[in-house]
Structures are given as structure tokens and as C-alpha cells.
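Heavy atoms only: backbone and side chains are in, while hydrogens, waters and symmetry mates are out. Proteins come first, then strands; the chains are lettered A, B, ... in the order of their sequence lines, and each starts at number 1.
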Protein chains: 2
Amino acid sequence: MSEVVVEVRVADWGERVLAALRSEGQRLTGPRLTIIHWVAAQERPFSAEALTAALAPAVGRATVYRVVDRLRERGWLARVQTERGDYTYVRTLPGHHHHAVCLRCGTTLLVEGCQTIETLTALLARHGFRVQGHILELFGLCARCQATSS
Amino acid sequence: MSEVVVEVRVADWGERVLAALRSEGQRLTGPRLTIIHWVAAQERPFSAEALTAALAPAVGRATVYRVVDRLRERGWLARVQTERGDYTYVRTLPGHHHHAVCLRCGTTLLVEGCQTIETLTALLARHGFRVQGHILELFGLCARCQATSS
DNA sequence: GTCACTGCAAAAGGTTTGCAACGGA
DNA sequence: TCCGTTGCAAACCTTTTGCAGTGAC
């Protein structure tokens, strides 16, 4: 079972992103490096506001939004809806995943595959509904936070 | 299995909402009735913008937002994220549900219960993660739309 | 040297709020 | 009558866009 749940590796992420951008022939400008390094250091989901605020005035707001969009398109960043309904971003890896976000520390587990969605898909199929896509976010407490008291 | 998937009944909805508001001692004002009737007639998810536009200038924008919020708090309206990432609203019923939204006609099925989430929850538990909440939206084609060509 | 990228500032878009007037119960 | 509700308009906040200048390759 360990192959379907993966914790996003902190050290890896930034380097993998940079390697990917390089291999696509994208320019590794100062602002881009600043943003990627900052994101790589985040251990929990962050808001667009937090990102722009953290890098101001070194990096312009417009640039932040443009770079974030690009990373999202490429699958390095996921926009995750919180239980409260607002958006946050988390480092992720290209491919189809779902996210299990720790409510306390923000640690994000990637859940690969959608076996459970398949069950629901089958249920709905019996009602004539053909599932073609879905959005799933999970929230809870990671192992570390359960171990920590308070 | 038919007990876990329910199509939101059109005729019912408005009356149930009115009855609920009445029983809570809320005022059934003109603007509120207008909004509820309009929503009751919608067979597919609608945006806040569509709602405000449809009722303007009979009902002010501020009032629309305030009433929608109230219905949402009471569980009569759900804010559903689309695959494109923007929000739409659908009639729903109080309680915990998930929604299966037809990509073509917008018909919304309520999926009651979270059996499949439980599978995922168990999987994550084996990784030490304790799931406490989730967001799930399903998209696809309802039976009627599959039957219709084009 | 080129052209992708950036910053600035302004525009846009959507939601919320203040406040005086209104009108259900 | 009273107080919850409403409309208007302005404020707000976040994101996007236009455009001239910059700098990575």
C-alpha cells in the first residue's frame, strides 16, 4: 500500500522544478528563483497573499501570480480548497493526485490513484450517471501532529 | 443502493425552504421570496453573477449575497467548485452530502454518506494520517444527457 | 542582440459594508 | 410600533492586464 501515499519530499521539490524548467528552456530569472526557493521552504499550504507579501517588494505581485500559474499548469503546485472555502497552494508533483492536508502542521500527503472514487463511480453508474471527473480534498491530522500533545 | 443517491426534487425544494424559514421565525419578505423562487426553478448550478443579474434591479446585489449566505448556512444551498475552479451554487438539502453534477445539463445528484471516503480514510490511517474532513465533487453526464445524442 | 520576462500602475471583477429608509409580524 | 431587512453606493480586496524597460541566454 505504501506506493499510493507519498509525502512530498521537501529537499527534492525545488531541484526537480528547476530541472524541469531548465529542460523546457525556460529562463531561470532572479524572481523565479526567489519564488521557487520560498515555496520549496514552505512546509504547509500557503495563500497567494502570503506569497506576495513574503516576497514584496523584491518580486512584483504580477510576477508572483504569473509564476504561480505557470507552476500550476506544469503540475508543480496544486491549488487546494480549504474546509473554510478559500484557496491555498501546496507543492505537489506532476500527475493526478489528491491531497491529504494536516489541519495543524499542513503536511501534505499525495494520494495516488482513485480506487475509492471508482467505488462511487460504480454506485452512480447504477443510477445512470457517468462520472468523468472529480475534485477531492482530505483534511485531518498527520502522524506527527497526533503524536504531539496540545 | 437507491437510498444513497437522490435527485434534488424541484417541486419540493422551494416549499421546504419556505417552511424552514417560517419555522425559524424568519421574515418572508418580497426579495427573499423572489430569490427562493428563482433558485427553485434552476435545474442546473448557477453563479452568483447569474443570480444577481437575473433579479436585477428588482432585488439589490447586497441582498442577494446576504440571502444566499443565509441559505448556505442553513444547508439549502451548496457552493460547488467546478472543474474550471470557479464557484457555482446548487440547491441541496441540509446534512452532509456530496454532489454529482452533470457536465451538460447540470442535473445534480446528492450522494448521501461517504462509504468510499472511508476506504481512503483507512488507507491514510495506515500511514498515520487521521482524516477529519473532506471536500468531494463529482462531474460527469447524467442518464438523460447520455441518452440524448450530440 | 532578441525576445521572454518583469515591474509598475491602472483596471477589472467580485464581494462586503455603512447607513438611512422600509415594511413584515 | 419595532426591529429585522433592504437598496444604494462606496469601499475593499484580490487578481489581471497593458506597456515600456530589463536582462537571461
task: Return the value, rounded to whole Å, for the distance between atom CZ of A:R61 and atom P of C:dA12.
output: 17 Å
query: In terms of ring plane angle, is the pair B:Y87 and A:Y87 parallel, tilted or perpendicular, where the classes change at 30° and 60°?
result: parallel
- prompt: So does B:R66 reach the base of D:dG7 with its side chain, donor to acceptor, closer than 3.5 Å?
  reply: yes
task: For the pair B:L123 and B:L120, evaluate side chain to side chain contact (heavy atoms under 4.5 Å, CB included) and give the outcome as yes or no after the intermediate values.
output: CA-CA 5 Å; B:L123 169 62; B:L120 249 196; 3.9 Å; yes
message: Any non-hydrogen side-chain atom of B:H98 less than 4.5 Å from a side-chain atom of B:H134?
response: yes
Euclidean distance, atom OH of residue B:Y87 to atom C1' of C:dG13 [Å, nearest integer]: 16 Å
message: Just to be sure I understand the rule, does A:R22 reach a base, reach only the sugar-phosphate, or reach nothing, if contact means heavy atoms closer than 4.0 Å?
response: nothing
- prompt: Just how far, in rounded Å, is C1' of D:dT6 from CZ of B:R70?
  reply: 12 Å
task: Please tell me which of the listed nucleotides, C:dT6, D:dG7, C:dT16, lies nearest to the side chain of B:P31?
output: D:dG7
query: Mapping B:A58 and A:G30 onto DNA chain D by nearest heavy atom, which one lands closer to the 5' end?
result: B:A58
- request: May I have the distance from B:E24 (atom CD) to C:dA25 (atom P), rounded to whole angstrom?
  value: 14 Å
message: Need one value for A:R32: base, sugar-phosphate or nothing, where a base atom within 4.0 Å counts as base even if backbone is also close, heavy atoms only.
response: sugar-phosphate
query: Counting side-chain heavy atoms from CB outward, which of D:dG7, C:dA25, C:dG14 is closest to B:Y65?
result: C:dG14
query: With a 3.5 Å cut-off and no angle check, do the side chains of B:T92 and B:H97 form a donor-acceptor pair?
result: no
query: Is any side-chain nitrogen or oxygen of B:Q26 closer than 4.0 Å to OP1 or OP2 of C:dA25?
result: no
task: Grab the CG-P distance between A:L28 and D:dT22 for me, whole Å please.
output: 22 Å
query: Donor-acceptor pair under 3.5 Å: do we get one between A:R27's side chain and the base of C:dA4?
result: yes
field: Backbone of A:R70 reached by a side-chain donor or acceptor of A:W76 within 3.5 Å
entry: no
Whole angstrom value for the distance that separates C1' of D:dT6 from CG of B:D69: 15 Å
message: Which nucleotide wins on minimum distance to the side chain of A:A62, given the candidates D:dT6, D:dT17, D:dA24?
response: D:dT17
- prompt: Does OP1 or OP2 of D:dT5 have a side-chain N or O of B:T29 closer than 4.0 Å?
  reply: no
